[in-house]
Number of protein chains: 2
Amino acid sequence: MDSKDRQILRALQQDGRMANLELAERVSLSPSPCLRRLRNLEASGAIRGFHADVDRAAYGLPILAFVQIRLERHSDEIVRQFEARISTLAEVLECYMLTGGTDYFLKVVVSGLDAYEDFIRHRIHTIGGIGSIDTSFVYGTVKRSGVFPRID
Amino acid sequence: MDSKDRQILRALQQDGRMANLELAERVSLSPSPCLRRLRNLEASGAIRGFHADVDRAAYGLPILAFVQIRLERHSDEIVRQFEARISTLAEVLECYMLTGGTDYFLKVVVSGLDAYEDFIRHRIHTIGGIGSIDTSFVYGTVKRSGVFPRID
DNA sequence: ATAGATATTGGCATTAAATGCCGGTACTGG
DNA sequence: CCAGTACCGGCATTTAATGCCAATATCTAT
């Protein structure tokens with residue numbers, strides 16, 4: 001992982017479908033070594049994958065919510081069950097464990113507030129062992145770059 | 001935007017570099033109309049782009065923090081300045097406006113806790129007009145799918 | 001400083017995929 | 001029932017990815 005690898009990673013964070021020929025020119029390499037570096041970055045796990053960035057609203061899921069959840073207790077059984085159930089929920093795009101006041105942080109998409117009510121009542125509350133739920137809805141985006149800073 | 005378009009979108013959320021031949025087979029189309037649909041989805045904005053999913057730690061930024069920020073006041077001037085400055089910060093990968101107790105929600109990557117201190121002291125506090133900052137560090141990932149649920 | 005060893009590069013031939021065009025087919029509205 | 005529209009599939013062409021080889025740069029130990 002040298003400066004050139006990180007250049008490649010940043011370029012592909014901006015445009016993950018960039019042709020190898022263009023990528024090679026951008027990082028000042030010829031196509032062959034550039035492609036080899038890319039394949040190595042994939043094989044080593046530095047690149048976990050490539051994903052399309054899809055417009056929520058165009059797809060039909062205009063509501064984006066961040067949900068902070070605390071468990072009642074942190075027994076193995078409750079934690080295990082919570083994480084297992086969360087993993088199966090299609091509406092949950094991401095779920096992280098956090099330091100601080102809340103245990104879990106969820107990124108959730110739904111088609112409307114009625115669907116959100118249904119999600120909380122039937123998908124979340126039925127898990128059991130949940131202490132508190134705090135929902136924030138996203139009503140604007142200031143920045144959405146996803147490109148790591150240079151550290152060279 | 002029909003069911004087949006959404007199938008294409010979900011497939012590319014899973015693997016954004018999937019070859020058109022494979023994508024076509026997966027959604028039961030021949031390559032030509034499949035590629036045409038893809039280009040239309042890009043042109044219409046339903047696909048905002050493609051991005052590599054890069055391992056933070058492998059790149060050299062092992063710390064991921066979620067930062068909740070409240071402004072002192074919500075005057076046009078303070079809001080405008082805050083958003084302009086946030087947009088220039090390379091450590092901030094995403095920034096959303098939220099309903100509820102906090103005004104802004106930031107996703108931040110740094111190389112260590114010393115770099116985080118530097119970020120808060122010199123990048124955030126110097127903006128001015130900030131009421132409160134609440135940081136949560138991510139110490140585990142339960143789910144990270146990014147694939148929208150079927151709504152057909 | 002130098003020689004050997006290792007890793008990385010660039011070019012080229014081959015293979016595979018994307019692209020653009022065409023005719024055919026299903027669907028819609030009058 | 002017919003005309004118009006939109007979408008599909010197949011094929012020829014262009015473009016990119018891949019794998020191999022020789023050459024160059026980098027690193028290490030003496």
Side-chain angles (χ1 to χ4, degrees), chain A residues 1-62 111 146-152, chain B residues 1-62 111 146-152:
Chain A
M1 174 69 59
D2 59 7
S3 167
K4 201 135 274 191
D5 279 333
R6 280 187 281 267
Q7 252 188 287
I8 291 174
L9 293 175
R10 285 195 304 274
L12 292 173
Q13 281 181 324
Q14 292 184 256
D15 179 3
R17 278 217 153 187
M18 187 180 296
N20 181 58
L21 298 166
E22 189 187 341
L23 179 64
E25 186 172 10
R26 190 153 158 185
V27 303
S28 305
L29 275 176
S30 70
S32 295
C34 185
L35 185 65
R36 200 158 11 192
R37 278 172 178 271
L38 169 54
R39 294 298 176 237
N40 286 341
L41 289 167
E42 290 176 316
S44 73
I47 295 178
R48 281 194 283 244
F50 294 89
H51 306 288
D53 176 11
V54 178
D55 186 283
R56 294 192 308 280
Y59 182 89
L61 296 167
S111 61
V147 180
F148 288 164
R150 267 181 297 208
I151 57 176
D152 305 323
Chain B
M1 173 70 57
D2 58 7
S3 167
K4 203 134 274 191
D5 279 333
R6 281 187 280 267
Q7 251 188 288
I8 291 174
L9 293 175
R10 287 196 302 275
L12 292 174
Q13 282 181 323
Q14 293 185 256
D15 179 3
R17 278 216 153 187
M18 188 182 295
N20 181 58
L21 298 166
E22 190 187 340
L23 179 63
E25 185 172 10
R26 192 152 156 185
V27 303
S28 304
L29 276 176
S30 70
S32 295
C34 185
L35 185 64
R36 207 161 6 199
R37 278 173 178 269
L38 169 54
R39 297 296 177 236
N40 286 341
L41 289 167
E42 291 176 316
S44 73
I47 295 178
R48 282 195 283 244
F50 295 89
H51 306 288
D53 176 11
V54 178
D55 185 284
R56 293 191 309 279
Y59 182 89
L61 296 167
S111 61
V147 181
F148 289 165
R150 268 180 299 209
I151 57 176
D152 305 322

>> Listing request: all salt bridge (charged side-chain N to carboxylate O under 4.0 Å, His left out) pairs with a residue in residues 45-62 of chain B, at least two apart in sequence or in separate chains.
In response: R48(A)-D53(B), R48(A)-D55(B), D53(A)-R48(B), D55(A)-R48(B), D53(B)-R144(B)

>> Could you tell me how far apart D5(B) (CG) and dC7(D) (P) are, to the nearest whole angstrom?
In response: 9 Å

> Rounded to the Å, how far apart are D2(A) CG and dT8(C) C1'?
Replying inline: 10 Å

> Can you tell me how far the CG atom of D5(B) sits from the CG atom of L41(B), to the nearest 0.5 Å?
Replying inline: 4.5 Å

> Any idea which heavy atoms bring A11(B) and L23(B) closest together, and the distance?
Replying inline: CB-CD1, 3.6 Å

> Mind checking whether K4(A) and C34(A) have side chains closer than 4.5 Å, heavy atoms only?
Replying inline: no

> Quick one: CG on L38(B) to CG on L29(B), what's the gap to the nearest 0.5 Å?
Replying inline: 11.5 Å

Give every pair of a protein N or O atom and an N or O atom of nucleotides 4-6 of chain D that lie under 3.5 Å apart, one pair per line with the distance.
none

> Rounding to a whole Å, what distance do you find between K4(A):NZ and dA7(C):C1'?
Replying inline: 15 Å

> Is there side-chain contact between M1(B) and R6(B), with heavy atoms separated by less than 4.5 Å?
Replying inline: yes

> Quick one: bend of the helix from dA1(C)-dT30(D) to dG30(C)-dC1(D) from 5 pairs per end, to 10°?
Replying inline: 50°

Could you tabulate the donor-acceptor pairs under 3.5 Å formed by side-chain atoms of residues 12-21 of chain A, not counting sequence neighbours?
{"residue": "Q13(A)", "atom": "OE1", "partner": "F148(A)", "partner atom": "N", "Å": "2.8"}
{"residue": "Q13(A)", "atom": "NE2", "partner": "G146(A)", "partner atom": "O", "Å": "3.3"}
{"residue": "Q14(A)", "atom": "OE1", "partner": "R26(A)", "partner atom": "NH2", "Å": "2.6"}
{"residue": "D15(A)", "atom": "OD1", "partner": "R17(A)", "partner atom": "N", "Å": "3.0"}
{"residue": "D15(A)", "atom": "OD1", "partner": "M18(A)", "partner atom": "N", "Å": "3.4"}
{"residue": "R17(A)", "atom": "NE", "partner": "G16(B)", "partner atom": "O", "Å": "2.7"}
{"residue": "R17(A)", "atom": "NH2", "partner": "G16(B)", "partner atom": "O", "Å": "3.3"}
{"residue": "R17(A)", "atom": "NH2", "partner": "M18(B)", "partner atom": "O", "Å": "2.8"}
{"residue": "N20(A)", "atom": "OD1", "partner": "L35(A)", "partner atom": "N", "Å": "3.4"}
{"residue": "N20(A)", "atom": "ND2", "partner": "P31(A)", "partner atom": "O", "Å": "3.1"}

>> So, using salt bridge (charged side-chain N to carboxylate O under 4.0 Å, His left out) as the criterion, who are the partners of R39(B) when residues are at least two apart?
In response: E42(B)

>> For S30(A), give me all partners under side-chain hydrogen bond (donor to acceptor under 3.5 Å, both in side chains), at least two apart in sequence or on another chain.
In response: none

> Looking at residues at least two apart in the chain, or sitting in another chain, which of them share a side-chain hydrogen bond (donor to acceptor under 3.5 Å, both in side chains) with D2(B)?
Replying inline: R37(B)

> To the side chain of L29(B), which of dT9(C), dG9(D), dT19(C) is closest?
Replying inline: dG9(D)

> Rounded to whole angstrom units, what separation is found between the CZ atom of R39(B) and the P atom of dC7(D)?
Replying inline: 17 Å

> Among all residues two or more places apart in sequence or in another chain, which pass the side chain to side chain contact (heavy atoms under 4.5 Å, CB included) test with S111(B)?
Replying inline: L61(B), A115(B)

Can you check nucleotides 20-23 of chain C for protein contacts, nitrogen or oxygen pairs under 3.5 Å, and list what you find?
{"residue": "dG20(C)", "atom": "O6", "partner": "S32(B)", "partner atom": "OG", "Å": "3.1"}

>> Among residues 10-26 of chain B, which ones have heavy-atom contacts with DNA chain D below 4.0 Å?
In response: none

> Where along residues 41-54 of chain B does a heavy atom fall under 4.0 Å from DNA chain C?
Replying inline: none

